[in-house]
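Only this structure's heavy atoms are used, side chains among them; waters, hydrogens and symmetry mates stay out. Below, chain A is the first sequence line, B the second, and so on; all start at residue 1. What you see is a predicted model; the values in this text were computed from it and never measured.
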Number of protein chains: 2
Amino acid sequence: MAIPKLTTLELRIMEAVWKHGACSVREIQEAFPAAGRPAYTTIQTTVYRLETKKALRRVKKISNAHIFEASISPHAARGKLIDELLSLFGGGPSLLMAHMIETGKLTKEDIAEAEEVLAKHKRKGKSE
Amino acid sequence: MAIPKLTTLELRIMEAVWKHGACSVREIQEAFPAAGRPAYTTIQTTVYRLETKKALRRVKKISNAHIFEASISPHAARGKLIDELLSLFGGGPSLLMAHMIETGKLTKEDIAEAEEVLAKHKRKGKSE
DNA sequence: TAGTATCTACTACGTCTATAGTAGATTCGC
DNA sequence: GCGAATCTACTATAGACGTAGTAGATACTA
């Protein structure tokens, strides 16, 4: 199943659903910071679009409100974003990492952490 | 100077200008792979839009053609992209790195390379 | 200089996105 | 059961993007 391309607002809605679990349009809307919160119907429209994109689906109805659930995982959605970014950086992580180092976003600690994660991942991978 | 938001096509045009240096619309168009190359006027329109976004500027005229030059650096433009991605990953590189490791995009070698870049960067940074 | 090629400037248009209003259905409280 | 609140479904719209055509200006060539 291909991960659909999600826009910023769509992604923020997905984040809300991923975080809160199955929820209504109202709950999604209220997950947005009160300052600059989009209108209820703005969220509603975008939720519907996420539905046609197969990123959300209706699971049940509570009272007169539909309850939505994510059909794609945060892991998969983020993976797609990363793939797209990497493709703009020549396909590999080198340029991306180099850039983060130059701009101070990637520190010694982050690298050490990455090594640990890698080691852990390798151990798991071995058993597959 | 804020870096404007660039779309995919815009970014590909910028890449061409960054690579070739100041060039004409025709040269930009021909930098695209022949298969699926957009029409001349498609490039032209997008170049104009990049001009209003202050990402490109006309520097001179050769014969009857304008020559364009980048007003923003690849470094800055890529930095903006990375910032946007990182903000979707909680602001830090950890989640991003972890994801790349899990999906096999980040290897031991990449991490070793990053360490070298970091060391090199630190040496340079010290003298500033 | 006359014809041809090229380029600019402008216009057009379908799609997508963010935005939100409205009408009618549903439900809840009393 | 009736009024108020809430929700859905539909409609609308402005701006951005990718796409490209056309008319007129400019320049090269023979």
Side-chain angles (χ1 to χ4, degrees), chain A residues 2-17 20 22-69 77 80-81 84 88, chain B residues 2-17 20 22-69 77 80-81 84 88:
Chain A
I3 302 299
K5 186 162 163 42
L6 303 178
T7 64
T8 311
L9 178 61
E10 287 173 343
L11 214 39
R12 284 198 284 165
I13 287 176
M14 292 306 294
E15 297 283 354
V17 179
H20 288 72
C23 55
S24 65
V25 172
R26 178 66 62 185
E27 286 170 301
I28 293 170
Q29 193 215 4
E30 283 171 357
F32 281 71
R37 176 183 293 168
Y40 179 87
T41 47
T42 299
I43 302 294
Q44 193 204 15
T45 302
T46 310
V47 164
Y48 287 178
R49 286 183 189 150
L50 283 168
E51 224 188 330
T52 63
K53 284 187 181 182
K54 310 277 187 203
L56 289 180
R57 64 168 179 269
R58 319 185 169 201
V59 284
K60 58 180 169 177
K61 200 168 179 179
I62 290 184
S63 170
N64 63 342
H66 291 299
I67 301 298
F68 295 87
E69 194 175 76
K80 188 181 168 65
L81 282 176
E84 274 165 17
L88 296 170
Chain B
I3 302 301
K5 188 162 162 44
L6 303 178
T7 63
T8 311
L9 179 60
E10 288 173 343
L11 215 39
R12 284 198 283 166
I13 287 177
M14 292 307 294
E15 298 281 356
V17 179
H20 288 74
C23 56
S24 66
V25 172
R26 180 66 62 186
E27 287 170 301
I28 293 170
Q29 193 215 5
E30 283 171 357
F32 281 71
R37 175 183 295 169
Y40 178 88
T41 47
T42 299
I43 302 293
Q44 194 202 16
T45 302
T46 310
V47 164
Y48 288 178
R49 286 181 187 156
L50 282 168
E51 225 188 329
T52 63
K53 283 188 182 182
K54 310 278 186 200
L56 288 181
R57 63 167 179 269
R58 317 185 171 201
V59 284
K60 58 181 170 178
K61 200 167 179 180
I62 289 184
S63 170
N64 63 343
H66 291 300
I67 302 298
F68 295 86
E69 194 175 75
K80 188 181 165 66
L81 282 177
E84 273 165 18
L88 296 170

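- Scanning DNA chain D 5' to 3' for nucleotides with an atom closer than 4.0 angstrom to a non-hydrogen atom of chain B gives a first and last hit of D:dC17 to D:dC28.
- In this structure, A:Tyr40 atom OH and C:dA20 atom C1' are separated by 13 Å, rounded to whole Å.
- Among the atoms of the strands shown, only primed sugar atoms or phosphate atoms (P, OP1, OP2) are found under 4.0 Å from some heavy atom of B:Arg26.
- Ion pair B:Arg49/B:Glu10 not flagged as a salt bridge, since none of the NZ, NE, NH1 or NH2 atoms sits closer than 4.0 Å to an Asp/Glu carboxylate oxygen.
- Where A:Lys61 and A:Arg37 each meet DNA chain C at their nearest nucleotide, the meeting point lying more 5' is that of A:Arg37.
- As judged by a 4.0 angstrom heavy-atom cut-off over every strand, A:Arg12 is placed among residues making no nucleic acid contact.
- Protein atom OH of B:Tyr48 is 9 Å distant from nucleotide atom P of C:dC10, rounded to whole Å.
- Within the 4.0 Å cut-off from OP1 or OP2 of C:dA20, at least one side-chain nitrogen or oxygen of A:Thr42 is found.
- In this structure the side chain of B:Leu6 reaches within 4.5 angstrom of the side chain of B:Leu50, judged on heavy atoms.
- When heavy atoms are screened at a 4.0 angstrom cut-off, A:Thr7 is found touching the sugar-phosphate backbone but no base atom.
- Separating the CG atom of A:Leu6 from the P atom of C:dA18 is a distance of 10 Å, rounded to the nearest angstrom.
- In this structure, the side chain of A:Lys53 engages the main chain of A:Lys5 through a donor-acceptor pair within 3.5 Å.
- Atoms CG (B:Leu9) and P (C:dC16) sit 17 Å apart, rounded to a whole Å.
- Nearer the 5' end of DNA chain C, as judged by each residue's closest nucleotide, is the contact made by B:Gln44, out of A:Ala39 and B:Gln44.
- At least one donor-acceptor pair closer than 3.5 Å links the side chain of A:Ser24 to the backbone N or O of A:Glu27.
- At least one cation-pi condition fails for A:Arg26 and A:Phe68: the charged atom is not both under 6.0 angstrom from the six-membered ring centre and inside a 45 degree cone around its axis.
- Checked by distance alone, A:Thr45 brings a side-chain donor or acceptor within 3.5 Å of a matching partner on the base of C:dA20.
- In this structure, the helix from C:dT1-D:dA30 to C:dC30-D:dG1 shows an angle of 0° between the axis at its start and the axis at its end, each fitted on 5 base pairs and rounded to 10°.
- Two residues are said to be in side-chain contact when any heavy atoms from C-beta on lie closer than 4.5 Å; B:Arg57 and B:Val59 meet this criterion.
- Among the heavy atoms of the strands lying under 4.0 Å from B:Thr46 is at least one base atom, whether or not backbone atoms are also near.
- In the set C:dC7, C:dT17, C:dA20, the nucleotide with an atom closest to the side chain of A:Lys53 is C:dT17.
- Counting to the nearest Å, the P atom of C:dC16 and the CG atom of A:Leu50 are 14 Å from each other.
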Trace of the side-chain contact (heavy atoms from CB on, under 4.5 Å) decision for B:Glu30 with B:Arg37: CA-CA 8 Å; B:Glu30 283 171 357; B:Arg37 175 183 295 169; 4.1 Å; yes
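- Both A:Arg49 and A:Phe68 sit near DNA chain D, but only A:Phe68 has its closest nucleotide nearer the 5' end.
- Distance CG (A:Leu11) to C1' (C:dA18): 15 Å, rounded to an integer number of Å.
- Atom C1' of nucleotide C:dA5 and atom CD1 of B:Ile62 are separated by 18 Å, given to the nearest angstrom.
- Taking only side-chain nitrogens and oxygens, A:Ser63 comes nearer than 4.0 Å to OP1 or OP2 of C:dC28.
- Each of A:Leu56, A:Leu9, A:Ile28 was scored for a side chain to side chain contact (heavy atoms under 4.5 Å, CB included) with A:Met14, with one residue passing: A:Leu56.
- In this structure a side-chain-to-backbone donor-acceptor pair under 3.5 Å is missing from A:Glu84 to A:Leu81.
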